[in-house]
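Structure, as structure tokens:
Treat the numbers as computed from the prediction; the structure is a model and nothing was measured. Both ligands and their constituent atoms are indexed starting at 1 by order of listing. We count residues from 1, following the sequence as given.
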Amino acid sequence: MDYVSTRGSAQALDFAGATLAGLASDGGLYVPREWPRFTEAEIAAMAGRPYAELAATVMAPFVGESLTRERLLDLCRAAYGRFAHKAVTPVRQFDEQQWLLELFHGPTLAFKDVALQLLGLLFEEFLGRSDRNLTIVGATSGDTGSAAIDAVAGRAKVDIFMLHPRGRVSEVQRRQMTTVLAPNVHNIAIEGSFDDAQAMVKRMFNDAAMTDRFAIGAVNSINWARLMAQVVYYFAAGLQLGAPHRPVAFSVPTGNFGDVFAGYVAAKMGLPVERLIVATNVNDILHRALTSGDYSQGTVTPTAAPSMDIQVSSNFERLLFDLGGCDGAALAAQMAGFEATKTMQLTNAQAQGAAALFTSARADADEMSQAIRWAWEECGELIDPHTACGVHAARGAGIDKGVPVVTLATAHPAKFPDAVERATGQRPSLPVRVGDLFEREERCVDLPGDYAAVTAYVAEHAVPKG
Ligand SMILES: Cc1ncc(COP(=O)(O)O)c(C=O)c1O
Ligand SMILES: N[C@@H](CCOP(=O)(O)O)C(=O)O
């Protein structure tokens with residue numbers, strides 16, 4: 001399998017190359033040249049398999065020759081062995097139609113662990129074959145940062161520089177990042193929003209002053225390997241609820257469009273997906289794009305679901321590329337227009353293609369609270385504010401009664417205890433495995449939201465590529 005850039009002009013790479021490269025050199029995102037597809041019989045044969053085996057089966061076509069099948073399975077067993085639930089991503093029933101896919105049983109209590117535990121091992125595997133050092137530069141609105149840091153802390157040949165918007169992540173999220181004191185971990189709090197941080201990260205990949213000296217790598221969902229690993233839990237949930245013989249709908253709390261794009265990939269691979277419901281908070285660029293074709297960047301509004309406070313959704317580019325007939329030159333022009341004007345109109349093909357599988361809904365503060373309260377009062381479950389956006393959207397989506405609707409529970413409620421307590425009167429507690437998070441020393445530098453300041457800091461502390 002090789003990987004091409006959504007903007008058409010970067011060199012095609014194999015899986016190992018795309019994993020280490022992160023973002024393509026033309027500013028595009030890597031996507032597989034074609035979508036592998038399983039037959040109905042192949043999908044049926046996946047039922048009942050342990051998660052690590054299912055993961056190796058689903059990911060094998062994407063990994064291609066970069067790893068043997070045995071090695072891929074070893075890495076999956078190591079990655080998912082760290083999860084606190086034997087099923088890794090269990091499903092739980094809410095009512096006759098509504099289900100919850102719990103993605104927060106990993107070390108840092110959010111869905112990011114599912115991909116990042118594996119990605120940390122993939123980096124180690126692929127870097128072990130060369131003399132290269134990797135300088136990971138990431139942006140986080142709270143969860144990617146902690147999951148990536150947990151996955152690479154203390155690993156050889158890797159430094160990680162993680163930018164978060166100062167004061168705009170929860171205290172638990174911040175501490176999960178800043179209390180990791182391994183020498184290869186560098187936390188940077190910047191003035192501004194997640195979008196500002198993400199823009200700086202993307203710019204660094206195409207800044208020769210940085211790329212000549214450092215091999216810049218990505219842990220954000222711009223890295224294809226992140227999405228590949230997330231495809232697996234759509235299969236896991238679908239199989240438990242009757243796939244391939246029965247279609248399943250998914251409601252996905254969405255910010256950067258990574259998680260829901262993984263659902264799109266699962267559908268491309270043959271999983272019978274009835275609908276993908278894109279659930280946003282009031283930072284609703286995706287809801288606007290999917291309902292009116294207008295993809296225009298708004299100002300980021302801080303909400304109780306801070307990890308979704310995003311107004312430029314990186315992975316939407318992957319969908320637009322696929323729906324636009326994989327025409328890299330056309331998409332490069334469309335993205336250049338967006339970067340210049342902050343507005344973009346979807347083409348008819350893109351809008352109609354999206355409408356065939358996606359619907360969307362947005363939740364404001366009251367609707368988030370109501371969904372948290374409903375889950376607690378009607379189903380006895382505490383859910384976090386991100387998951388609440390998904391539940392709100394799932395219940396209003398009008399999916400046919402015979403089709404199960406699975407909301408992705410993307411974070412543990414104890415990461416956002418204030419919002420949960422406000423809605424239910426119950427304060428969720430952190431699982432014991434998180435330990436003494438509130439007693440640990442924190443380390444983080446404060447920088448202005450200024451590209452020159454951030455790159456100077458990275459250049460001073462990173463190890464040259466070697
Ligand atoms: C808890 C939580 N839910 C949902 C999302 C949105 O996921 P995505 O950015 O893949 O759309 C994020 C961040 O990305 C998150 O941290
Ligand atoms: N919600 C994310 C934002 C970054 O998204 P990513 O999936 O592209 O890494 C976070 O919590 O950091």
Return a table of N or O atom pairs, ligand 1 on one side and protein on the other, at distances under 3.5 Å, rounded to 0.1 Å.
from	atom 1	to	atom 2	distance (Å)
ligand 1	3 (N)	T410	OG1	2.8
ligand 1	9 (O)	N256	N	2.7
ligand 1	10 (O)	G258	N	3.3
ligand 1	10 (O)	D259	N	2.9
ligand 1	11 (O)	G255	N	2.7
ligand 1	11 (O)	N256	N	3.1
ligand 1	11 (O)	F257	N	3.0
ligand 1	14 (O)	K112	NZ	2.5
ligand 1	16 (O)	D143	OD2	2.5
ligand 1	16 (O)	S307	OG	3.4

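Aromatic rings from F161 and H186 are positioned such that their centres are separated by under 6.0 Å. Between H386 and F416, the distance from one ring center to the other falls under 6.0 angstrom. Checked against a 6.0 Å centroid threshold, the rings of Y264 and Y234 do not count as neighbours. Not less than 6.0 angstrom separates the ring centroid of W224 from the ring centroid of F261. Residues Y295 and F316 bring their aromatic ring centres within 6.0 Å.
Inspection of the R318 and N315 side chains reveals an N or O donor paired with an N or O acceptor under 3.5 Å.
Under 4.0 Å from any atom of ligand 2, one finds heavy atoms of residues K112, T140, S141, G142, D143, T144, F194, N220, S221, R226, N256, S307, I310.
Here the side chains of I222 and Y30 are not in contact, with every heavy-atom distance at 4.5 Å or above.
Checked for salt-bridge contact, K157 and E124 miss the test: no charged N lies under 4.0 Å from a carboxylate O. Checked for salt-bridge contact, E339 and R203 miss the test: no charged N lies under 4.0 Å from a carboxylate O.
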